[in-house]
Amino acid sequence: MEKMKELCHCLQDPHLVARFQNICGVRGTFTTTSSSKVADRAHSHNNGACHHRVAGENLSNVGAGEGEKMQTSSAKLRRRIADSNVANNCKDEGETPSQNGTAVSAATAGGERVGVGSSLAGPGVRSGSAQDLSRAANCEESQVGGVLGPPGSSKVKPLRKNSLTGDGGQEFLIDNRFLYYLFTFGTELGNETFYITFFPFITWNVEAFVSRRLIMVWVWVMYLGQCTKDVLGWSRPASPPVVKVEVFYNSEYSMPSTHAMSGTAIPFALYFMTYGRWEYPSTLGFILALCWCLLVCSSRIYMGMHSVLDVIAGFLYSILILCFFLPILDLIDGFNLTCRYAPIVIISLHLGLGLFSFTLDTWSTSRGDTAQILGTGAGIALASHVNYHLGLMPDLTPDQLPLSMPALSPSLVGVVMLRLVVGVLVLLATRALMKAITIPLVCRAFRVPTDDLRKARQHMEVELPYRYIVYGTVGFNVIFLVPLLFSYMQLS
């Protein structure tokens, strides 16, 4: 048991993330002032996340909802930064201090040294020796204003601002642009833009039978992952030493990685659902699913959003959920399609799950994501029930299987792309219209002021019904309205 605890502690170490980032060519640009500000911001806006003991210190916390603040003393915070940056990174005269946990020689850094300010050695810092303080002072004296990377490196900022605080993040250096774009693509495979295009693409161009079951798995995986995050309340990897390549989700909890969960569940569920139903090389399908999974999982470490332990836990958690849900998908799908009481059960179940998840923690962006995931799942299930009773988009019979892959041709590609463009435009228009209608109505119904819509949406009585209705309608249109439009446009 002790060895397991030591292994988990090692896998959760943010310096392990920083070393992976350094290998992939990501380097921070933290200076004395910015390091302190970034550390303060990371500890202040991690959604009340539980800060674990580091170097024997205790960090107390409370829920960081609206109007609440982390109760971590500035002396202990200074001690944590001093321990990681002064004692470890300024110990060799031939090295500059660590740029996010990576020791860089003076020659590599263009002759510049980035130091840790002597203000870190305040009254609350217990220094190991006077020599450490002397080295910290020497580091500061040798500091100049910036950080230079190797020739060919580029200075970049996170693509999107923090969804909760609006913080744009810290600039960082990229030495390997191929890996930067590859992992950026990988992390986008777990974001809303991907979901709103991939699932409809499968529905409209592959098979509705596969897509509705795949979405069913996705809903349960994401819901359980988000709820587990709120229950455990673990913080994101500390920065520094980690470089925050992405900050959009930085205020949410960390354990487990829901990107890793969806990046595991979606490709492998798609593989198992199409195996034997579609004719394709099974080895190739498994390899593609594995590559998809590895890309998404490793991208979360590259982005500085998760520790290695978060990603491994997300992967294993997702496998466990798949082992439970895949065998009973036929039963659940049959109930949704045929039972006369299915619409009532679908709406009440998804709404009840949303209410439960909203009680786990104070407001955060993950809570809104949970509501829209549940709303999408409810809309898909309701539309499938309606289609079944109206005889629209019927499932294939066993004698029509297996399906063969059609030969690629310019006309086929053109039709597929036209369906995707027209369908996604309809979904985006649906989302915009429903937002414009739903938010004012819900605010008026619950007497919530609409002067600041950002704050108004943080009220549970506003956010849950608004997200549920908006994305429920979007999900319904994926299965029902858009295919009807395709029939009218002769694109079926």
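In this text, all values refer to a predicted model and were calculated from it rather than measured experimentally.
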For this session: Before giving the answer on ring pair (Phe, Tyr, Trp, His ring centres under 6.0 Å), spell out for Phe324 and Trp220 the whole-Å C-alpha distance, their side-chain angles and the decisive distance to 0.1 Å.
Result: CA-CA 11 Å; Phe324 177 78; Trp220 279 104; 8.8 Å; no
Problem set entry | Interatomic distance, Leu420 atom CG to Phe198 atom CZ [nearest 0.5 angstrom] | 11.5 Å
Exercise. Side chains of Ser262 and Tyr195: do they bring a donor and an acceptor to under 3.5 Å?
Worked result: yes
Problem set entry | Verdict with supporting geometry, Ser318 and Thr264, side-chain hydrogen bond (donor to acceptor under 3.5 Å, both in side chains) | CA-CA 6 Å; Ser318 185; Thr264 301; 4.8 Å; no
Exercise. If we only count heavy atoms from C-beta on, is the Tyr180 to Asp175 side-chain gap below 4.5 Å?
Worked result: no
Exercise. Where is the tightest heavy-atom contact between Asn22 and Arg27, given as atom of each residue plus distance?
Worked result: OD1-NH1, 2.9 Å
Exercise. Closest approach of Met261 and Pro256, non-hydrogen atoms and distance?
Worked result: SD-CG, 3.8 Å
Seminar exercise, completed: So CD1 of Ile380 and CD1 of Ile479: to nearest 0.5 Å the spacing works out to 4.0 Å
Exercise. Applying ring pair (Phe, Tyr, Trp, His ring centres under 6.0 Å), which residue pairs with at least one partner in residues 376-396 are found, sequence neighbours left out?
Worked result: His385-His389
For this session: With side-chain contact (heavy atoms from CB on, under 4.5 Å) as the test, would you mind laying out the steps for Leu290 and Ile287 before giving the verdict?
Result: CA-CA 5 Å; Leu290 182 62; Ile287 291 174; 5.7 Å; no
Exercise. Would Trp278 and Glu207 satisfy side-chain contact (heavy atoms from CB on, under 4.5 Å), going step by step from the backbone distance to the final call?
Worked result: CA-CA 10 Å; Trp278 283 80; Glu207 193 181 3; 3.3 Å; yes
For this session: With sequence neighbours left out, write down each residue that passes ring-ring contact (aromatic ring centres under 6.0 Å, His included) with His259, or none if nothing qualifies.
Result: Tyr249
Problem set entry | Point-to-point distance, once rounded to the nearest 0.5 Å, from OG of Ser487 to CG of Leu392 | 8.0 Å
Exercise. Who passes salt bridge (Lys or Arg N to Asp or Glu O under 4.0 Å) against Asp330, sequence neighbours left out?
Worked result: Arg213
Exercise. For Gln400, what residues pass the side-chain hydrogen bond (donor to acceptor under 3.5 Å, both in side chains) criterion, not counting sequence neighbours?
Worked result: Thr397
For this session: Give a yes-or-no answer on whether the side chains of Gln12 and Trp234 include a donor-acceptor pair shorter than 3.5 Å.
Result: no
For this session: Apply side chain to side chain contact (heavy atoms under 4.5 Å, CB included) to Val474 and list each qualifying residue two or more places apart in sequence or on a separate chain.
Result: Leu427, Thr430, Arg431
Exercise. Between His350 and Gly377, what is the shortest heavy-atom contact and its length?
Worked result: NE2-C, 3.9 Å
For this session: Under the side-chain hydrogen bond (donor to acceptor under 3.5 Å, both in side chains) rule, collect the residues that match up with Ser384, sequence neighbours excluded.
Result: none
For this session: Identify, with sequence neighbours excluded, every residue that meets side chain to side chain contact (heavy atoms under 4.5 Å, CB included) alongside Ile23.
Result: none
Problem set entry | Contacts of Ile332 that satisfy side chain to side chain contact (heavy atoms under 4.5 Å, CB included) - sequence neighbours left out | Met216, Phe325, Ile328, Asn336
Exercise. Any side-chain heavy atom of Tyr488 within less than 4.5 Å of one from Leu484?
Worked result: no
Problem set entry | Nearest atoms (heavy-atom pairs only) where Gly186 meets Leu295 | CA-CG, 3.7 Å
For this session: With sequence neighbours excluded, tell me which residues meet ring-ring contact (aromatic ring centres under 6.0 Å, His included) with Tyr223.
Result: none
Exercise. Would you say Gln21's side chain and Val243's backbone share a donor-acceptor pair under 3.5 angstrom?
Worked result: yes
Seminar exercise, completed: By salt bridge (Lys or Arg N to Asp or Glu O under 4.0 Å), Arg300 pairs with (sequence neighbours left out) Glu246
Exercise. Sub-3.5 Å donor-acceptor pair from the side chain of His9 to the main-chain atoms of Lys5, do we have one?
Worked result: no
Exercise. Is a donor on one side and an acceptor on the other found under 3.5 Å between the side chain of Asp13 and the backbone of His15?
Worked result: yes
Exercise. How about Leu491 and Trp204: do any of their side-chain heavy atoms sit closer than 4.5 Å?
Worked result: no
For this session: Using the test side-chain hydrogen bond (donor to acceptor under 3.5 Å, both in side chains), find all partners of Tyr275 that sit at least two apart in sequence or belong to another chain.
Result: none
Problem set entry | Stepwise side-chain hydrogen bond (donor to acceptor under 3.5 Å, both in side chains) test for Tyr302 and Thr187 | CA-CA 9 Å; Tyr302 179 91; Thr187 204; over 6 Å; no
Problem set entry | Phe20 atom CZ, neighbour heavy-atom count above 12 within 6.0 Å | yes
Problem set entry | Atom pair CZ/CG of Phe486 and Leu481 - distance to nearest 0.5 Å | 10.0 Å
For this session: Would you check if Leu433 and Ile437 make a side-chain contact, meaning some heavy-atom pair closer than 4.5 Å?
Result: yes
Exercise. Salt bridge check: are Asp310 and Lys229 linked by an N-O gap of less than 4.0 Å?
Worked result: no
For this session: Answer with yes or no after comparing the ring centroid distance for Phe268 and Trp292 against a 6.0 Å cut-off, counting only values under it.
Result: no
For this session: For residues Ser298 and Phe183, determine if any side-chain heavy atom of one lies less than 4.5 Å from a side-chain heavy atom of the other.
Result: yes
For this session: Kindly indicate whether the side chain of Phe199, heavy atoms from C-beta on, has any atom under 4.5 Å from the side chain of Arg212.
Result: no
Exercise. What is the minimum heavy-atom distance between Val217 and Ala269, and which atoms define it?
Worked result: CG1-CB, 4.3 Å
Problem set entry | Of Asn205, Val482, Val478, Asn477, the residue whose pairing with Pro200 passes side chain to side chain contact (heavy atoms under 4.5 Å, CB included) | Val478
For this session: Could you list the residues that satisfy side-chain hydrogen bond (donor to acceptor under 3.5 Å, both in side chains) with Tyr471, not counting sequence neighbours?
Result: Glu192
Exercise. Hey, mind stepping through Tyr280 and Tyr271 against side-chain contact (heavy atoms from CB on, under 4.5 Å) and telling me if it holds?
Worked result: CA-CA 10 Å; Tyr280 63 86; Tyr271 169 74; 3.6 Å; yes
Problem set entry | Within-4.5 Å side-chain heavy-atom neighbours: Phe272 and Leu322 | no
For this session: For Leu309 and Cys8, work out which heavy atoms get closest and say how close.
Result: CD2-O, 3.6 Å
Exercise. Is there side-chain contact between Ser235 and Ser254, with at least one heavy-atom pair below 4.5 Å?
Worked result: no
Exercise. Between atom CG of Leu11 and atom CG of Leu16, what is the distance when rounded to the nearest 0.5 Å?
Worked result: 7.0 Å
Exercise. Roughly how far, to the nearest 0.5 Å, is the CG atom of Asp333 from the CG atom of Leu331?
Worked result: 10.0 Å
Exercise. Is there a donor-acceptor pair under 3.5 Å between the side chain of Thr274 and the backbone N or O of Arg277?
Worked result: no
Problem set entry | Derivation of the side-chain contact (heavy atoms from CB on, under 4.5 Å) call for Gln372 and Val470 | CA-CA 8 Å; Gln372 69 186 44; Val470 169; over 6 Å; no
